[in-house]
Amino acid sequence: MSSKGSGVLAYSGGLDTSCILVWLKEQGYDVIAYLANIGQKEDFEEARKKALKLGAKKVFIEDVSKEFVEEFIWPAIQSSALYEDRYLLGTSLARPCIARKQVEIAQREGAKYVSHGATGKQHGIPIPVTPKNPWSMDENLMHISYEAGILENPKNQAPPGLYTKTQDPTKAPNSPDILEIEFKKGVPVKVTNVKDGTTHRTSLELFTYLNEVAGKHGVGRIDIVENRFIGMKSRGIYETPAGTVLYHAHLDIEAFTMDREVRKIKQGLGLKFAELVYTGFWHSPECEFVRHCIAKSQERVEGRVQVSVFKGQVYILSRESPLSLYNEELVSMNVQGDYEPIDATGFININSLRLKEYHRLQSKVTAK
């Protein structure tokens, strides 16, 4: 059969991508397998051998961990992105990072097509899902997700042996780690463990260290049912240790340094950002616009936050910033400052006018 041309397949070595590799070969395509290293624990050389054995013409293994943190995770931290109030978007953030490199390889190799995995028949392909671990896993630096198999019944509790990135909070250390995280323009630039003085500054080392420490204390586990873009509900279990710590620390320093009205608008943009990322629109004009607006809001988000990680929880202990909008003299109960109690009179009169009118009308309606 003559070749229909080359396609670059985003390949993980799992069931879906192995099935599609075989299927593409059967359809007459030359397959270039591309494995993205985004911080997952994987034997990449073994995956390379497997792809070649299944018929891949070439295999590329690309380490995109650093750009994943700096160009995808950091904007998510700046935006305080949460999908449906709980999900920190680990898989959703990895996909545009993986896709960008995939397109680069396709252009470099002169490939006409790009492809990703699709669930299908097994073709006798070895897969990691076993009776011992009857579920699907997807891991990267930001998180690990578990779904399918026995987890498809929302009533089934996650088995104790499922979690791999975090310690069981009940078995976590009996004393907390105190972490000081420094932010500039809404991005973490330094982490220090107050207990032992360990310090990390580079993005990848900082994030990896937070994963280690927060994971040791069981931080970042959630078990949720979420609404998928295509309209169905899906049950997912996630572990996001570093992301959870940074979400809480960033939220605190942002509230400390950002104007109230700017923050209200930014919160709305954060919700939109999370929705766009979840539904696959990272590389869209609207998402680019939202990211630029959020980045602008972060220009004054600078300072240090101390947090305690302990038994699955993140506790904010303190914060300081050279750009703080907190005026200790103004809020003090002991110092007069510029605010006069009599100033509240006009404030109360203006704000009560709308309420008085509303209730005056309500009383007329009731009287009838």
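Side-chain atoms are counted along with the backbone in the values below, which use heavy atoms only and exclude waters and symmetry mates. Model, not experiment: these values are computed from the prediction.
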Would you sort out whether His143 and Thr91 count as a side-chain hydrogen bond (donor to acceptor under 3.5 Å, both in side chains), showing the intermediate values? CA-CA 7 Å; His143 85 167; Thr91 299; 2.8 Å; yes
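- Hydrophobic clustering (side-chain heavy atoms under 4.5 Å, transitive across Ile, Leu, Val, Met, Phe, Trp, Tyr) groups Leu52 together with Trp23.
- When all heavy atoms of Leu82 and Asp85 are compared, the closest pair comes out as CD1-O, 3.3 Å.
- Checked by atom type and distance alone, the side chain of Lys195 pairs as donor or acceptor with a backbone atom of Pro176 at under 3.5 Å.
- If you check the side chains of Glu84 and Asn227, you find a donor sitting under 3.5 Å from an acceptor.
- Among residues at least two apart or in separate chains, side-chain hydrogen bond (donor to acceptor under 3.5 Å, both in side chains) pairs with a member in residues 147-156 are Glu147-Arg228.
- With no hydrogens or angles considered, a side-chain donor-acceptor pair links Asn193 and Tyr209 at under 3.5 Å.
- Taking CD1 from Ile253 and CZ from Arg319, the interatomic distance works out to 8.0 Å, rounded to the nearest 0.5 Å.
- When only modelled atom types and interatomic distance are considered, Thr164 and Tyr146 share a side-chain donor-acceptor pair under 3.5 Å.
- Just one residue in the list Ile178, Val219, Asp177, Val245 forms a side-chain contact (heavy atoms from CB on, under 4.5 Å) with Val307, and that residue is Val245.
- For Thr199 (side chain) and Gly197 (main-chain N/O), a donor-acceptor pair under 3.5 Å exists by modelled atom type.
- Leu271 is not connected to Ile294 by any chain of hydrophobic side-chain contacts under 4.5 Å among Ile, Leu, Val, Met, Phe, Trp and Tyr, and they are in different clusters.
- No side-chain donor-acceptor contact under 3.5 Å links Thr208 to the backbone of Glu205.
- Summarising the local packing, NZ of Lys49 is surrounded by 12 or fewer heavy atoms from other residues, nucleotides or ligands at distances under 6.0 Å.
- With respect to Glu320 and Arg304, a salt bridge is recorded, a charged nitrogen being found less than 4.0 Å from a carboxylate O.
- The aromatic rings of Tyr238 and Tyr87 sit parallel to each other, their planes meeting at less than 30°, with 60° as the upper class boundary.
- Other residues, nucleotides and ligands contribute over 12 non-hydrogen atoms within 6.0 Å of the CZ atom of Arg108.
- Put simply, CG on Asp30 and NZ on Lys25 are 5.5 Å apart, with the number rounded to the nearest 0.5 Å.
- Tyr29 and Val103 are assigned to two separate hydrophobic clusters, defined by single-linkage of ILVMFWY side chains at heavy-atom distances under 4.5 Å.
- Checked by atom type and distance alone, the side chain of Asn140 pairs as donor or acceptor with a backbone atom of Gly90 at under 3.5 Å.
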Derivation and outcome, ring pair (Phe, Tyr, Trp, His ring centres under 6.0 Å), residues Phe60 and Tyr34: CA-CA 5 Å; Phe60 289 94; Tyr34 148 61; 8.3 Å; no
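- Counted within 6.0 Å of CG on Leu361, heavy atoms from surrounding residues, nucleotides or ligands total more than 12; the atom is thus considered enclosed.
- Between the side chains of Lys57 and Ser6, at least one donor N or O sits under 3.5 Å from an acceptor N or O.
- Under the side-chain contact (heavy atoms from CB on, under 4.5 Å) test applied with Val31, the options Val59, Leu21, Leu54 reduce to a single match, Leu21.
- Side-chain atoms of Glu239 and Thr166 include a donor-acceptor pair closer than 3.5 Å.
- For the atom pair CG (Leu323) and CZ (Phe183), the distance works out to 14.0 Å, reported to the nearest 0.5 Å.
- Under a 3.5 Å cut-off, the side chain of Thr345 and the backbone N or O of Ile342 do form a donor-acceptor pair.
- Around atom CZ of Phe289, no more than 12 heavy atoms belonging to other residues, nucleotides or ligands sit under 6.0 Å away.
- Under a 4.0 Å N-O distance rule, the pair Arg354/Glu357 does not qualify as a salt bridge.
- Minimum heavy-atom separation, Arg221 to Pro169: NH1-CD, 3.9 Å.
- Listed for the Thr192 side chain is no donor-acceptor partner under 3.5 Å among the backbone atoms of Val194.
- Taking the six-membered ring for Trp, Phe229 and Tyr278 have ring centres at least 6.0 Å apart.
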Going through the distances and angles, do His248 and Gln313 end up as a side-chain hydrogen bond (donor to acceptor under 3.5 Å, both in side chains)? CA-CA 10 Å; His248 289 289; Gln313 298 296 317; over 6 Å; no
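- A salt bridge links Arg100 to Glu71: one of the charged nitrogens lies within less than 4.0 Å of a carboxylate oxygen.
- Distance check: Ser80 OG to Leu251 CG gives 5.0 Å after rounding to the nearest 0.5 Å.
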Step-by-step side-chain hydrogen bond (donor to acceptor under 3.5 Å, both in side chains) determination, Glu226 to Ser234: CA-CA 5 Å; Glu226 68 205 65; Ser234 172; 5.5 Å; no
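- Interatomic distance, Glu42 CD to Ser12 OG, rounded to the nearest 0.5 Å: 6.5 Å.
- Heavy-atom minimum distance, Pro154 versus Arg235: CA-NH1, 3.9 Å.
- When hydrophobic clusters are built by joining Ile, Leu, Val, Met, Phe, Trp and Tyr residues whose side-chain heavy atoms come closer than 4.5 Å, directly or via intermediates, Val191 is not grouped with Val189.
- With Lys266 contributing its side chain and Ser297 its backbone, the two residues share no donor-acceptor pair below 3.5 Å.
- Closest approach of Glu70 and Pro75 over heavy atoms only: O-CD, 3.8 Å.
- Residues Thr257 and Tyr326 bring no donor and acceptor atom of their side chains to less than 3.5 Å of each other.
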Applying salt bridge (charged side-chain N to carboxylate O under 4.0 Å, His left out) to Glu302 and Lys185, what does each step give before you reach the verdict? CA-CA 6 Å; Glu302 178 178 324; Lys185 295 187 176 180; over 6 Å; no
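- No side-chain donor from either of Gln78 and Gln298 sits under 3.5 Å from a side-chain acceptor of the other.
- Centroid-to-centroid, the aromatic rings of Trp282 and Phe273 come within less than 6.0 Å.
- The main-chain N or O of Cys287 is found under 3.5 Å from a side-chain atom of Ser284 such that the two form a donor-acceptor pair.
- Under 4.0 Å is where a charged nitrogen must lie from a carboxylate oxygen, and between Lys264 and Glu261 at least one such pair does.
- Considering every non-hydrogen atom in both Ala94 and Ile38, the closest pair reads CB-CD1, 3.7 Å.
- With rounding to the nearest 0.5 Å, the separation of CG in Leu210 from CG in Leu141 is 11.5 Å.
- Scanning all heavy atoms of the two residues, the minimum distance from Ser175 to His217 falls at O-CE1, 3.2 Å.
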